[in-house]
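The figures that follow rest on heavy atoms only: side chains count, while hydrogens, waters and symmetry mates do not.
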Amino acid sequence: MQPNHTCGGANIWADVASSSEIFCPAGMYCPTTTKSAHCSSGHYCRMGSISQTRCVKLTSCNSNAETQNMGVYGIMLIAALSTLLLIIYSCSDQVLSTRERRMAKSREAAARSVRKTSNAQKRWKAAKDVAKKSASGLQAQLSRTFSRKKDVADPEKVKILSQETPEVDIQLVSHSRPVISNMAPSSSAVHKEKAKGSSDLMQMMHEIENDPDIDDNHNLEVKTRDKTVKGKASKEKQPETHSQIFKYAYAQLEKEKAQQQENKDLTFSRVVNMATKSEQRKRPLMEISFKDLTLILKAQNKVILRCVTGKIKPGRITAVMGPSGAGKTTFLSAIAGKAFGCKMTGSILINGKAELIHSYKKIIGFVPQDDIVHGNLTVEENLRFSAQCRLPAGLPKPDKVLVVERVIEFLGLQSVRNSLVGTVEKRGISGGQRKREALQGVNICMVVHQPSSALFNMFDDLILLAKGGLTVYHGPVKKVEEYFAGLGISIPERINPPDYFIDILEGIVESGGRSGVSYKDLPVRWMLHNGYPVPLDMQKYAAKFGNLTPNPAKEIDPDGFGHEERSFAGELWHDVRHHVELEGEKIRFKFLKSKDLSNRKTPGIFKQYKYFLIRIGKQRLRESKIQAIDYLILLLAGACLGALSRGNDQTFGGAGYIHTVIAVSLLCKIAALRSFSLDKLHYWRESDSGMSSLAYFLSRDTIDHFNTVVKPVVYLSMFYFFTYPRSTFADNYIVLLCLVYCVTGIAYTLAIVFKPSAAQLWSVLLPVVMTLVATQTKDSTFLKNVSKLCYPKWALEAFVIANAERYHGVWIITRCGSLMKSGYNIHDWSLCVSILILMGVIARAIAFFSMLIFQKK
């Protein structure tokens with residue numbers, strides 16, 4: 001019999017409360033309008049039943065039972081689900097561990113093979129050098145021997161030449177021939193021919209040694225004077241297996257090490273070879289020059305960087321040093337185009353042109369003071385992901401692996417390559433190793449605090465700043481002591497030079513010296529030394545040295561006291577306006593469109609989406625304990641609410657569904673906050689380097705779909721089988737699935753817009769407040785319209801309608817009237833589910849655009 005969902009006649013206004021006398025009581029059934037009977041054991045009878053219903057297997061039904069006890073099925077379902085999840089997480093973790101072990105074995109085997117080959121090549125080279133020296137000695141001996149034999153006019157001597165020729169000379173002739181002319185031409189011809197053969201052989205040996213692609217699969221074409229050995233070189237193939245890729249990478253590394261060793265003692269021919277060798281995939285050189293760079297903090301009108309002029313040259317490592325408050329980080333932020341909230345004057349040029357540094361974001365990196373590295377990934381996984389997303393899309397996989405291996409080797413991270421980086425809660429590698437992992441590139445400018453003397457001497461250039469953001473020195477590290485010695489400042493013995501410079505700039509140590517220069521005079525002395533204009537407020541320091549700048553720099557207020565006093569309201573308005581301008585500046589920078597000058601085409605959105613999926617999947621598998629706790633809490637919530645909430649036929653189970661909406665919304669929102677609130681810094685850094693924001697967002701949302709699908713099953717496994725409503729498990733699951741999808745999108749928005757503490761508070765308040773609004777009596781049109789914007793209203797309506805559709809028989813008389821009192825329509829179940837999905841999509845769109853707009857303060 002098909003259910004009747006029509007609403008006509010009495011059922012429009014009738015309800016259960018006003019027509020209770022026509023319903024058969026719960027625990028009894030009424031086969032006729034005048035007869036009632038008690039439900040027997042093994043059966044149950046709901047209110048309004050005309051017949052008793054047999055209980056399913058494994059359930060218990062006593063006499064006069066209203067519903068059957070389905071708890072055993074809930075226990076079986078949760079046991080099966082727990083086993084399945086345990087298998088998934090255990091197997092996935094085991095798969096990751098096994099894969100890492102296999103890759104480690106392949107890598108170690110490849111390294112051993114390459115080292116063995118390298119040692120063999122070294123022995124071959126040594127033997128070849130010995131043979132070359134012997135051949136050179138033999139050639140010199142032959143030259144001396146034949147040079148003495150110039151007079152061969154005696155024919156008798158010619159006839160008995162075979163007897164008088166030394167043994168060495170006989171061995172050089174392949175077979176006896178009559179000699180018609182004199183001996184000198186013959187000797188010269190033999191000598192030249194042998195020298196040519198030796199030269200050809202030596203050239204071939206050089207080619208074998210210097211060709212990195214020669215292996216067991218290649219044949220050689222060797223030509224000698226008597227015969228030619230020809231072969232066909234097999235077609236070169238890209239390495240495919242892990243073993244082949246690692247062999248290729250380590251072979252290249254060994255070659256680079258040998259190259260570095262050879263470069264220590266360069267010959268003229270080697271220099272010419274290096275100069276004429278064409279480098280493939282060479283990144284564009286960048287020379288960053290800045291002139292009179294000045295930054296003024298808009299909020300306080302205070303100068304934090306002043307009249308800084310210089311260059312950051314390609315291929316050199318520049319250290320930025322100075323006391324606290326000297327503007328070191330501000331200087332790097334200005335160079336990187338990240339000095340928000342500041343008014344900048346002066347110029348920054350890239351390769352002599354006024355171009356935005358943003359145009360080179362694909363090949364540059366900005367490492368802040370904090371260690372922004374994914375703590376639940378290994379060192380190698382972090383580097384591999386960066387290589388996959390930032391290296392050129394057309395670069396073969398073996399070359400990307402080579403880049404990763406080169407970085408690990410260069411930064412000395414071999415011992416911790418398979419170790420997790422670690423977080424605040426879970427210890428991993430050291431802070432210095434995290435810094436080295438975040439540091440990538442070859443043209444480096446970094447802020448350094450109190451380096452050792454050995455580390456200090458490893459830098460190429462130094463930018464030394466004084467308090468107020470003034471330059472004290474900018475040039476080669478090797479000449480800094482010479483410069484200060486020229487000012488009469490000598491470094492005492494057994495004192496670390498950089499520490500001494502900082503102490504002088506702090507005013508802790510008197511500079512002394514014959515010139516009487518104080519730390520306040522040092523910026524002026526640098527300006528005078530380079531011929532830079534001196535600001536008017538610093539002319540008094542320049543006057544002490546008898547030098548006045550004919551064209552002084554533009555006068556500014558270094559302490560920020562130039563602004564007039566404001567009232568409280570004026571100060572408040574100034575702060576609000578500054579905050580709005582700062583946010584607008586960040587938004588403009590985020591959506592700034594600049595020409596890509598990096599000459600690098602990185603992988604597209606779909607490729608990056610794949611890489612993000614792999615990375616986030618590994619992270620979630622390593623956070624399986626947190627996921628298990630989420631499921632356990634949801635399971636307990638379903639059990640508690642299911643035990644406390646009994647189905648009420650008059651409201652079609654509405655009370656229990658209200659508790660369900662609040663509990664599921666709250667728990668799922670708080671859990672979904674972790675998807676974005678914990679990785680904001682990582683996203684900002686990765687997006688600044690040119691990675692796709694859309695791929696990042698979609699990959700996280702895709703991984704969260706696993707929880708969206710599983711969590712309704714976890715909750716209903718307890719709640720449904722404890723309450724056992726008339727609606728089916730599938731109906732409840734579909735509604736709860738759409739509800740979780742909706743609240744997850746709202747949680748994304750909260751996590752991105754607010755700080756973690758505020759986002760958690762909003763996640764608790766929203767479900768409660770919206771549910772109260774959705775369940776209030778709609779006395780006004782405004783309140784009715786507001787409730788339509790609340791997702792609990794549509795979730796509750798979908799739950800109640802799905803349950804009410806299963807009420808048949810006498811319930812048709814009052815069903816629509818009961819629903820109309822709550823403002824529900826029995827035909828709107830599909831509409832409610834669709835609105836929940838639409839709200840989830842809209843919430844995700846808002847979250848995505850908020851992620852693009854909102855930045856760190």
### Intermediate values then yes/no, side-chain contact (heavy atoms from CB on, under 4.5 Å), Val448 and Val320
CA-CA 6 Å; Val448 186; Val320 181; over 6 Å; no

#### Entry: Donor-acceptor side-chain pairing of Arg417 and Gln414 below 3.5 angstrom
yes

#### Entry: Ser386 side chain to Leu383 backbone, donor-acceptor under 3.5 Å
no

### Task
Check Phe754, Phe697, Phe848 against Phe676 for a ring-ring contact (aromatic ring centres under 6.0 Å, His included) and give me the one that passes.
Phe697

### Task
Start with the C-alpha distance between Ile846 and Ile842, add both sets of side-chain angles, then the distance that settles side-chain contact (heavy atoms from CB on, under 4.5 Å), and finish with yes or no.
CA-CA 6 Å; Ile846 296 174; Ile842 294 175; 3.9 Å; yes

### Query
Taking C-beta and beyond as the side chain, do Cys742 and Met839 meet within less than 4.5 Å on heavy atoms?
yes

### Query
Should Lys601 and Pro392 count as side-chain neighbours, where that means a heavy-atom distance under 4.5 Å?
no

### Message
Is any side-chain heavy atom of Leu750 closer than 4.5 Å to one of Ser763?
### Response
yes

### Query
Would you say the side-chain atoms of Ser693 and Tyr683 include a donor-acceptor pair closer than 3.5 Å?
yes

### Query
Roughly how far, to the nearest 0.5 Å, is the CE atom of Met718 from the CG atom of Leu636?
9.5 Å

### Message
When you measure from the side chain of Arg390 to the backbone of Met691, do you find a donor-acceptor pair of N or O atoms at a distance under 3.5 Å?
### Response
no

### Message
Does this structure show an ion pair linking Lys618 with Glu381, if we count only N-O contacts that are shorter than 4.0 Å?
### Response
yes

## Note on the structure
CG (Leu739) and SG (Cys668) are apart, to the nearest 0.5 Å, by 7.5 Å

#### Entry: Donor-acceptor side-chain pairing of Thr660 and Tyr715 below 3.5 angstrom
yes

### Message
For a quick test of reading the model, state the closest non-hydrogen atom pair linking Ala747 to Leu673 and the distance between them.
### Response
O-CD2, 3.4 Å

### Close side-chain approach of Phe246 to Met103, heavy-atom, < 4.5 Å
yes

### Query
Okay, side chain of Tyr733, backbone of Leu716: is any donor-acceptor separation there less than 3.5 Å?
no

#### Entry: Ring-ring centroid check Phe290 Phe331, cutoff 6.0 Å
yes

### Query
Checking side-chain contact (heavy atoms from CB on, under 4.5 Å) for the pair Ile335/Ile357: CA distance, chi angles, key distance, verdict?
CA-CA 8 Å; Ile335 295 298; Ile357 193 71; 5.5 Å; no

### Query
Is any side-chain N of the basic residue among Glu380 and Arg107 closer than 4.0 Å to the acidic one's carboxylate O?
yes

#### Entry: Minimum-distance pair of heavy atoms, taken over all atoms of Val740 and Thr708
CG1-CA, 3.9 Å

### Task
Looking only at non-hydrogen atoms, find the nearest pair between Ala637 and Leu667 and report the distance.
CB-CD1, 3.9 Å

## Note on the structure
One should read off an interatomic distance between Ser699 OG and Leu613 CG, to the nearest 0.5 angstrom, of 5.5 Å

### Message
Treating Lys669 as the side-chain partner and Val743 as the backbone partner, does any N or O pair qualify as donor plus acceptor under 3.5 Å?
### Response
no

### Query
Are Ser665 and Tyr791 close enough that a side-chain donor and a side-chain acceptor fall under 3.5 Å?
yes

### Query
Crowded around Ile605 CD1? As in, over 12 foreign heavy atoms under 6.0 Å?
no

### Query
Is it the case that Arg844 places NZ or CZ above or below the six-membered ring of Tyr741, under 6.0 angstrom from the centre and within 45 degrees of the axis?
yes

### Query
Any side-chain heavy-atom pair from Ile296 and Cys342 closer than 4.5 angstrom?
no

### Query
Is there a side-chain contact between Leu295 and Lys343, using heavy atoms and a 4.5 Å cut-off?
no

### Task
Report yes if the side chains of Leu420 and Arg622 come closer than 4.5 Å at any heavy-atom pair, otherwise no.
yes

### Task
Please determine, by modelled atom types, if Arg700 and Tyr696 share a side-chain donor-acceptor pair under 3.5 angstrom.
yes

### Summary
For Leu836 and Val735 the tightest heavy-atom approach is CD1-O, 4.3 Å

### Query
Below 4.0 angstrom, N of the basic side chain to O of the carboxylate: do Asp704 and Arg674 qualify?
no

#### Entry: Residues Thr702, Tyr609; criterion side-chain hydrogen bond (donor to acceptor under 3.5 Å, both in side chains); working and verdict
CA-CA 10 Å; Thr702 302; Tyr609 172 73; 2.9 Å; yes

### Message
Quick check against the 3.5 Å criterion: does Gln627 have a side-chain atom that pairs as donor or acceptor with the backbone of Arg620?
### Response
no

### Task
Return yes when atom CZ of Arg102 has more than 12 non-hydrogen atoms of other residues, nucleotides or ligands closer than 6.0 Å, and no otherwise.
no

### Message
How long is the straight-line distance from CG of Leu635 back to CG of Asp630, given to the nearest 0.5 Å?
### Response
12.5 Å

### Query
Measuring from Leu253:CG to Leu402:CG, what's the distance to the nearest 0.5 Å?
5.5 Å

### Task
Look only at the side chain of Thr749 and the backbone of Ala843, and say whether a donor-acceptor pair between them is shorter than 3.5 Å.
yes

### Task
In sequence, state the C-alpha distance, the side-chain angles, and the governing distance for Lys711 and Leu737, and then conclude on side-chain contact (heavy atoms from CB on, under 4.5 Å).
CA-CA 8 Å; Lys711 285 185 176 180; Leu737 177 70; over 6 Å; no

### Task
Mind checking the NZ-CD spacing from Lys400 to Glu405? Nearest 0.5 Å is all I need.
15.0 Å

### Task
Answer yes or no: does atom NZ of Lys680 have more than 12 heavy-atom neighbours from other residues, nucleotides or ligands under 6.0 Å?
yes

### Message
How close do Glu355 and Ile350 get, counting heavy atoms only, and between which atoms?
### Response
O-CD1, 3.6 Å

### Query
Which heavy-atom pair separates Leu305 from Ala326 by the least distance, and what is that distance?
CD1-O, 4.4 Å

### Message
Any carboxylate oxygen within less than 4.0 angstrom of a Lys/Arg side-chain nitrogen, looking at Arg615 and Glu686?
### Response
yes

### Query
Is any side-chain heavy atom of Leu293 closer than 4.5 Å to a side-chain heavy atom of Ile348?
yes

